[in-house]
A.B. asks: 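I am attaching a structure below and will ask some questions about it afterwards.
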Protein chains: 2
Amino acid sequence: MSEMRRPTMTDVAREVGVTAKTVSRVLNDEGPVAPQTRERVMAAVRKLGYQPNLMARNMRVGARDAAIGLVIPEMGNPFFGTVAGGVESAVRARGLTLIVGSSSESAELEQSLIATFLARRVTALMVVPSAASDHRHLRGERVAGLPIVFLDRPAVGLTADSVVSANREGARSGVAHLIAHGHRRIGFIADLPSTLYTRRERFQGYRDALDEAGLQFDRSLVETGHDQEAAASATMRLLTLADPPTALFAGNNLASMGAVVALARAGRKEVALVGFDDLPLAEALDPPLTVVAQDPAGMGAAAAELVLARMDGDRSKARRSLVPARLIVRGSGELPAPQHAPAHRPRRPRRGDSVTNGPSVRPG
Amino acid sequence: MSEMRRPTMTDVAREVGVTAKTVSRVLNDEGPVAPQTRERVMAAVRKLGYQPNLMARNMRVGARDAAIGLVIPEMGNPFFGTVAGGVESAVRARGLTLIVGSSSESAELEQSLIATFLARRVTALMVVPSAASDHRHLRGERVAGLPIVFLDRPAVGLTADSVVSANREGARSGVAHLIAHGHRRIGFIADLPSTLYTRRERFQGYRDALDEAGLQFDRSLVETGHDQEAAASATMRLLTLADPPTALFAGNNLASMGAVVALARAGRKEVALVGFDDLPLAEALDPPLTVVAQDPAGMGAAAAELVLARMDGDRSKARRSLVPARLIVRGSGELPAPQHAPAHRPRRPRRGDSVTNGPSVRPG
DNA sequence: TTGTAAGCGTTATCAT
DNA sequence: ATGATAACGCTTACAA
């Protein structure tokens, strides 16, 4: 019950009969200390259960906490979780602590979290922006030299480093894969809002693939669903069109799941499907799901490298780093277009159509 | 490029022509301040872009950071991520910041993370222990009055609050569900190590269900796999026994996925399966997967409540809180035992056999 | 309504 | 090899 005061460096010093500075020297391996003194200090530290106060230390040392603040939209989302994991392992190697907060996809919460981190005087800031956020308010921090890196989506209203997936090229290769299997009408299931960076980029990739193949874009083949159930409905709308698609491209993992569920419910196992972003159990589906897999851990690691370089004094201009996405062929994307469809003239293979037979992502 | 010094409270005060204390009063809405002074202070704060230094504040106020430290085994695992999310929302309502670190299931890293948090003087500590960890080293902190709560798995070597799933009862109800559908030989696919708390509890639940139904335990029906692929192998070993099980109970989500994959590969769609812990896409599997779902967000919230109560001075003795798990019926668990099997005498229904038709968990 | 002095736990600087 | 003193940025207690 006794709310004992925690021992301080001075307590340790008194116990030994020296000054706080001496204890400090021992603990930081700094300057000359008599071996015998060091012994006694260490003994006292153990005896009292002393643990240095990082807050006090950081305050004195330079008003900079040895921590990096990371804001992600959602903790429970394995994509962001894996990103955070990638950041953490890279950062831990340098003895830095990662502080993670989640914004629940709210621009307001995101800003308040950032403020908290700044108030804690983090050494660096990493942000996965939520949909509607704006980062003008960070301009001062950038000027002041605080390393800031954005992940998954670039900053809005601010010139800063960012690390993002190769969304456009990834989507292009996924759709090209479907085209290569004879499909000419390919539905696109997207998420909201349509202004979201990733959604825009992936949609561009979809258009790129169509253009390359000389296929005409058909607006009616694009449907939107903001969650799994909505994506399932979107899928059903596409399947019941007068001239329905023979293949589907899902713009993110929720869209993929919605499509999978909808196809399963409708018993439409012949419809080809490629999803953006890998899923656990993708391999166990019937047919197994072909995806364009992102590399969240790699993204986190790349962002961490960038931040560390900035901390080490790299003052070069802001850059955008692209993390490659790769096609994982499992079955659903190789279902051929029905015979009665107009014949397809195969195009020449091109770089980026890598066809790997990879495993499913790490499970939940 | 100019590494400008960050403005302090004194800078603001000088700008206005008052004392730091006055600025402090304004910022904390404390004591009487002339409306006009307040105005000018706020103006200066904006002009200088002043942001209070939380480290300095916390140090003065009581050597306690307004942050709660949470250690989880893995960030990318949606189960732990969702737990963290549950904690965070509950804690944020109180103006507290959550600091999350991941131990990579290493007892050593766990301890070093805890040390970092203690050095930061967190207000409270929450830990999801990794497999091999021991918490004797935290006894001093407990005595000193630091609120500590363990999640998912109880502390080892330490009497402390914990919040865990109803593992035993959940497993019992899942296995009972299979028995109720006529199965008499039920395989158990478990993870490693067998000393792990959750594994032990769930295994006990399996035994409980067998006992209740008067079925004899058969050691050969228990197989182990520490990851998805190993669980798939374990499943295959069970299926190829001389007297194979007609139903399987998977002890965790990895085991479930392994079992699903193995059954799919073997084309054994008639084998009943119930998994512990829900999976995204469970609904899209063929057959859809029946599970005993945990409530990770609820667990996080419950743990947060407990911690907050402790922070508010609750000094009652350490307690273990059980978060209910519930059966979600989707299809795989209701596949009947083959006719040629010995007839089964149905038991009376009992509490805890709740049969809900729920949705799949939130997707990744 | 505002200011002064002291102190939180640590380290930098300069002495001894 | 060790100590004394000041300082980091803020708040508490007391004074004016």
Side-chain angles (χ1 to χ4, degrees), chain A residues 3-42 44-45 48-67 116 118-123 144, chain B residues 3-42 44-45 48-67 116 118-123 144:
Chain A
E3 293 269 353
M4 296 169 42
R5 199 175 57 82
R6 213 175 275 269
T8 81
M9 197 172 257
T10 315
D11 295 330
V12 175
R14 187 169 27 235
E15 176 82 14
V16 181
V18 295
T19 267
K21 180 67 223 190
T22 303
V23 177
S24 169
R25 274 195 265 260
V26 170
L27 264 38
N28 297 309
D29 272 323
E30 169 219 6
V33 182
Q36 177 197 350
T37 311
R38 135 175 263 96
E39 280 291 308
R40 289 166 54 217
V41 167
M42 294 310 285
V45 163
L48 268 54
Y50 168 76
Q51 284 182 308
N53 185 330
L54 262 194
M55 288 195 302
R57 166 174 227 284
N58 290 326
M59 196 175 105
R60 186 64 190 85
V61 155
R64 274 263 113 88
D65 196 348
T116 310
L118 293 177
R120 283 205 147 56
R121 299 295 189 264
V122 291
T123 311
Chain B
E3 294 269 353
M4 295 168 43
R5 197 175 58 83
R6 213 174 274 270
T8 81
M9 196 172 258
T10 315
D11 295 330
V12 175
R14 185 167 31 230
E15 177 82 14
V16 181
V18 294
T19 270
K21 178 66 230 191
T22 304
V23 177
S24 168
R25 273 196 266 259
V26 171
L27 264 36
N28 297 311
D29 272 323
E30 169 220 5
V33 183
Q36 176 196 351
T37 312
R38 138 176 260 94
E39 280 291 306
R40 290 164 54 214
V41 166
M42 293 310 284
V45 163
L48 271 53
Y50 169 75
Q51 283 181 309
N53 186 328
L54 263 193
M55 288 194 302
R57 168 175 222 285
N58 289 327
M59 198 173 105
R60 186 63 185 88
V61 158
R64 273 264 115 88
D65 195 347
T116 309
L118 293 177
R120 283 201 143 55
R121 299 296 188 265
V122 291
T123 311

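Here is how names work: the chains are called A, B, and so on, in the same order as the sequence lines, proteins then strands, and each is numbered from 1. Since the structure is predicted, the reported quantities are computational estimates derived from the model, not experimental observations.
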A.B. asks: Taking only the side-chain heavy atoms of A:Thr37 (C-beta and beyond), determine which of C:dT11, D:dA1, D:dA4 contains the nearest atom.
C.D. replies: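 Nucleotide nearest to A:Thr37's side chain: D:dA1.
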
A.B. asks: Can you measure B:Asn53 atom CG to D:dC8 atom P for me and round it to whole angstrom units?
C.D. replies: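 For the pair B:Asn53 CG and D:dC8 P, the rounded distance is 12 Å.
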
A.B. asks: Can you tell me the distance, in whole Å, between the CG atom of B:Asn58 and the C1' atom of D:dT11?
C.D. replies: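 Going from CG in B:Asn58 over to C1' in D:dT11 covers 11 Å.
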
A.B. asks: Supply the atom-to-atom distance B:Met55 CE to A:Asn58 CG, rounded to the nearest 0.5 angstrom.
C.D. replies: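 B:Met55 CE to A:Asn58 CG: 5.0 Å, rounded to 0.5 Å.
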
A.B. asks: N/O contacts under 3.5 Å, protein versus nucleotides 13-16 of chain D?
C.D. replies:
none

A.B. asks: Looking at the base of C:dG7, is there any donor atom on it, or on the side chain of B:Arg60, that sits under 3.5 Å from an acceptor on the other one?
C.D. replies: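 Flag set: donor-acceptor pair detected.
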
A.B. asks: Measure CZ/B:Arg57 against P/D:dG9 and give the value in whole Å, please.
C.D. replies: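 Roughly 17 Å, once rounded to whole Å.
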
A.B. asks: Want to settle it: does B:Ala20 or B:Ala56 sit nearer the 5' end of DNA chain C, counting the closest nucleotide to each?
C.D. replies: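 With B:Ala20 and B:Ala56 compared, the 5'-side residue is B:Ala20.
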
A.B. asks: Can you give each donor-acceptor pair under 3.5 Å made by side-chain atoms of residues 17-35 of chain A, sequence neighbours left out, with the distance rounded to 0.1 Å?
C.D. replies:
unit_1: A:Ser24; atom_1: OG; unit_2: A:Asn28; atom_2: ND2; d: 3.3
unit_1: A:Asn28; atom_1: ND2; unit_2: A:Ser24; atom_2: O; d: 3.0
unit_1: A:Asp29; atom_1: OD1; unit_2: A:Arg38; atom_2: NH2; d: 2.7

A.B. asks: Please confirm whether the shortest side-chain N or O distance from B:Ser24 to OP1 or OP2 of D:dC10 is below 4.0 Å.
C.D. replies: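 So the side chain of B:Ser24 is outside the cut-off, no N or O lying under 4.0 Å from OP1 or OP2 of D:dC10.
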
A.B. asks: Whole angstroms only, please: what is the CD-P distance between B:Glu30 and C:dT1?
C.D. replies: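 The answer, rounded to whole Å, is 13 Å.
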
A.B. asks: Between D:dT2, C:dT11, C:dT1, which nucleotide has the shortest distance from any of its atoms to the side chain of A:Met9?
C.D. replies: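 Of the candidates, C:dT11 comes closest.
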
A.B. asks: Please check the phosphate of D:dA1 (OP1 and OP2 only) for any side-chain N or O of A:Thr22 closer than 4.0 Å.
C.D. replies: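 No, outside the criterion.
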
A.B. asks: Please enumerate all residues that pass side-chain hydrogen bond (donor to acceptor under 3.5 Å, both in side chains) together with A:Thr116, with sequence neighbours excluded.
C.D. replies: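 A:Thr116: no side-chain hydrogen bond (donor to acceptor under 3.5 Å, both in side chains) contacts found.
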
A.B. asks: Determine to 10° how strongly the helix from C:dT1-D:dA16 to C:dT16-D:dA1 is bent, judged from the axes of its five-pair ends.
C.D. replies: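 If I round to tens, the end axes sit 40° apart.
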
A.B. asks: If I take atom CG in residue B:Leu27 and atom P in nucleotide D:dC10, what distance separates them, rounded to the nearest angstrom?
C.D. replies: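 So the two atoms are 9 Å apart, to the nearest Å.
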
A.B. asks: For C:dC8, does OP1 or OP2 lie under 4.0 Å from any side-chain N or O of A:Thr8?
C.D. replies: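 Negative; the distance criterion is not met.
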
A.B. asks: Just the rounded figure in Å: distance from C1' of C:dG9 to OH of A:Tyr50.
C.D. replies: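 Those two atoms, OH and C1', are 7 Å apart.
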
A.B. asks: Could you state the CG-C1' distance from A:Asn28 to C:dA12, rounded to the nearest angstrom?
C.D. replies: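 Taking atom C1' of C:dA12 as the reference, CG of A:Asn28 is at 12 Å.
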
A.B. asks: Let me know the distance between CG of B:Asp11 and P of D:dG9, rounded to the nearest Å.
C.D. replies: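 Nearest whole value for this atom pair: 8 Å.
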
A.B. asks: Would you give me the side-chain donor-acceptor pairs under 3.5 Å for residues 7-15 of chain B, sequence neighbours excluded?
C.D. replies:
unit_1: B:Thr8; atom_1: OG1; unit_2: B:Thr10; atom_2: N; d: 3.0
unit_1: B:Thr8; atom_1: OG1; unit_2: B:Asp11; atom_2: N; d: 3.3
unit_1: B:Asp11; atom_1: OD1; unit_2: B:Arg5; atom_2: NH2; d: 3.2
unit_1: B:Asp11; atom_1: OD1; unit_2: B:Arg14; atom_2: NH2; d: 2.6
unit_1: B:Asp11; atom_1: OD2; unit_2: B:Arg5; atom_2: NH2; d: 3.0
unit_1: B:Asp11; atom_1: OD2; unit_2: B:Thr8; atom_2: N; d: 2.8
unit_1: B:Glu15; atom_1: OE2; unit_2: B:Lys47; atom_2: NZ; d: 2.6

